[in-house]
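For clarity, every value in this text was computed on a predicted model and none was experimentally measured. Each chain gets a letter, A, B and so on, in the order its sequence line appears, and its residues count up from 1.
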There are 2 protein chains.
Amino acid sequence: MTRPQRSDAARNRATVLAAADELFATAAAPAGLSMDDVAAAAGVGKGTLFRAFGSRAGLIQALWDLRTEPLGRAIENGPPPLGPGTDPRRRIAAILDAIVVVKLDNRYLTLAVEERSGGASLYEQPQYQLVHRLLSDLLRDAGRGKESELLAHVLLAAVRADLLDHLIGARGSSRRQLRAGVAAVADLVLNGSGG
Amino acid sequence: MTRPQRSDAARNRATVLAAADELFATAAAPAGLSMDDVAAAAGVGKGTLFRAFGSRAGLIQALWDLRTEPLGRAIENGPPPLGPGTDPRRRIAAILDAIVVVKLDNRYLTLAVEERSGGASLYEQPQYQLVHRLLSDLLRDAGRGKESELLAHVLLAAVRADLLDHLIGARGSSRRQLRAGVAAVADLVLNGSGG
DNA sequence: TTGGCAAGTGGACCGTCGGTCCGCATAGTC
DNA sequence: GACTATGCGGACCGACGGTCCACTTGCCAA
């Protein structure tokens with residue numbers, strides 16, 4: 001089976017994560033961040049980096065997992081409205097809002113996560129599929145019937161990183177406006193005719 | 001001012017467009033299509049290719065313009081429901097459906113067009129901005145008020161190439177199902193509460 | 001027809017990137 | 001202290017978008 005990891009490997013992994021986090025927090029554009037940059041910033045060889053994370057996508061995913069882990073737990077078994085136990089409409093709205101907040105707090109990292117690199121699209125990512133499944137179920141509970149799956153995709157498309165980024169950059173939207181806008185869209189989808 | 005183009009240049013441009021079109025029609029993945037591939041398929045040097053189209057994005061855009069020009073004209077000054085002169089709700093639905101059809105007919109090309117390459121995102125493309133403006137105005141006419149701009153983005157997000165591609169590939173959706181689904185979403189957004 | 005030259009051509013070449021390889025260092029163990 | 005699996009690091013690789021420039025060719029004027 002898998003043997004325990006050596007201490008220097010664990011230390012390096014943490015160093016790299018910290019350095020990459022810092023870089024993504026300050027970078028102007030995520031696409032311009034090369035693996036050499038990350039390795040240099042972490043004071044580590046490129047081989048080490050790839051040994052620890054497998055690929056560029058793996059590193060980004062690891063960072064993203066770190067940042068979204070609290071939200072994931074809150075949704076899975078936290079208190080309402082994020083956690084289970086509320087009216088599905090309210091929960092959907094809460095989840096979407098929380099997603100927007102996380103994405104705004106990690107703007108460039110989120111852009112990098114959603115960038116299609118290699119053959120893998122956003123829609124193949126386990127996290128996406130998890131949220132999509134959850135939203136689908138909630139929409140079904142809310143009486144959205146057979147369109148639930150598609151509607152879940154549409155709701156998630158409304159909070160895609162590049163769209164948010166565009167709304168901030170080109171339209172100058174504020175955080176408040178974005179959250180309100182997404183809430184309005186969700187409300188329309190949730191409470192429109194047919195519900 | 002700009003001098004007329006030499007005849008061999010025009011011929012080569014046409015050759016390249018034809019070859020690239022053929023390649024995109026048969027390619028398994030657009031990202032795997034290199035400029036060298038296109039040049040080789042067209043029987044032309046790479047320099048010629050870049051002289052004619054400026055960049056990879058330029059070539060893809062030229063192809064896309066060719067494919068969408070008829071739809072553009074139909075929307076701008078064709079007969080209803082695509083052209084002006086109908087109920088805005090009906091026109092929005094017609095435009096969205098036409099967009100889905102074009103995207104499905106040019107699946108890999110569309111993926112390539114919407115792939116963020118270089119710094120430019122989908123939202124910076126003139127064509128996107130044109131359609132977005134039109135949809136915004138129509139939504140406003142339909143009484144959608146201040147959320148019109150955001151709603152237009154959301155409607156367009158619902159027909160993004162990678163989403164359609166995912167629905168076809170992973171969920172096995174048929175052309176019919178996709179068109180019906182998008183129509184249902186549009187209906188919800190257009191006729192939901194608040195209109 | 002011809003001569004001149006701007007426009008166009010093509011492919012060798014470049015810089016960058018993600019990713020691999022492998023000789024060397026070192027942590028963990030007895 | 002010795003032995004070994006694990007990890008390290010940076011030279012290296014292949015692919016890609018894009019550039020350069022010596023050569024060719026279409027076009028026009030004489």
Side-chain angles (χ1 to χ4, degrees), chain A residues 1-20 23-24 27-63 108 111-113 115-121, chain B residues 1-20 23-24 27-63 108 111-113 115-121:
Chain A
M1 302 251 68
T2 53
R3 313 246 300 182
Q5 178 180 60
R6 240 168 62 173
S7 65
D8 51 348
R11 197 182 338 118
N12 270 329
R13 186 186 163 93
T15 307
V16 167
L17 275 176
L23 282 180
F24 271 112
L33 247 184
S34 73
M35 293 299 267
D36 295 81
D37 291 340
V38 175
V44 141
K46 219 185 354 171
T48 304
L49 211 160
F50 277 91
R51 160 166 274 266
F53 299 98
S55 67
R56 184 183 145 97
L59 167 60
I60 291 171
Q61 191 63 49
L63 270 174
Y108 299 118
L111 276 173
V113 169
E115 225 158 46
R116 136 192 304 267
S117 59
S121 85
Chain B
M1 301 258 79
T2 54
R3 314 244 301 183
Q5 178 180 59
R6 241 168 62 173
S7 64
D8 54 346
R11 197 182 337 117
N12 270 330
R13 185 184 163 92
T15 307
V16 168
L17 276 177
L23 282 181
F24 271 111
L33 247 183
S34 73
M35 293 300 267
D36 295 81
D37 291 340
V38 175
V44 141
K46 218 183 357 168
T48 304
L49 211 161
F50 276 91
R51 161 166 274 265
F53 298 98
S55 67
R56 185 185 145 96
L59 168 62
I60 291 170
Q61 191 63 49
L63 271 175
Y108 298 117
L111 276 174
V113 169
E115 225 159 46
R116 129 189 313 263
S117 59
S121 85

Gap between atoms [atom1] and [atom2], on [X] and [N] respectively (whole Å):
X: B/K46; N: C/dC13; atom1: NZ; atom2: P; value: 13 Å
X: B/L59; N: D/dG18; atom1: CG; atom2: P; value: 10 Å
X: A/D36; N: D/dA11; atom1: CG; atom2: C1'; value: 12 Å
X: A/M35; N: D/dC13; atom1: CE; atom2: C1'; value: 17 Å
X: B/R13; N: C/dG10; atom1: CZ; atom2: P; value: 16 Å
X: B/Q5; N: C/dA7; atom1: CD; atom2: C1'; value: 10 Å
X: A/R11; N: C/dT26; atom1: CZ; atom2: C1'; value: 11 Å
X: B/R6; N: D/dT24; atom1: CZ; atom2: P; value: 13 Å

Contact check, residues 48-56 of chain B vs DNA chain D, heavy-atom distance under 4.0 Å, returns B/F50, B/S55, B/R56
If you round to the nearest 0.5 Å, how far is [atom2] of [Y] from [atom1] of [X]?
X: A/E115; Y: B/E115; atom1: CD; atom2: CD; value: 10.0 Å
X: B/K46; Y: B/T48; atom1: NZ; atom2: OG1; value: 12.0 Å
X: B/Y108; Y: B/L23; atom1: OH; atom2: CG; value: 13.5 Å
X: B/D37; Y: B/M35; atom1: CG; atom2: CE; value: 10.5 Å
X: A/T15; Y: A/R11; atom1: OG1; atom2: CZ; value: 7.5 Å

The residue, B/G32 or B/S7, whose nearest nucleotide of DNA chain D is more 5′ is B/G32
Next item on the list: For A/N12 and A/A9, indicate whether the former's side chain and the latter's backbone hold a donor-acceptor pair under 3.5 Å.
Entry: no
- A/S34 side chain N/O closer than 4.0 Å to the phosphate oxygens (OP1, OP2) of C/dT16? no
Would you tell me if any nitrogen or oxygen in the side chain of A/N12 comes within less than 4.0 Å of OP1 or OP2 on D/dG7? no
| Non-hydrogen side-chain atoms of B/L111 and A/R116 separated by less than 4.5 Å | yes
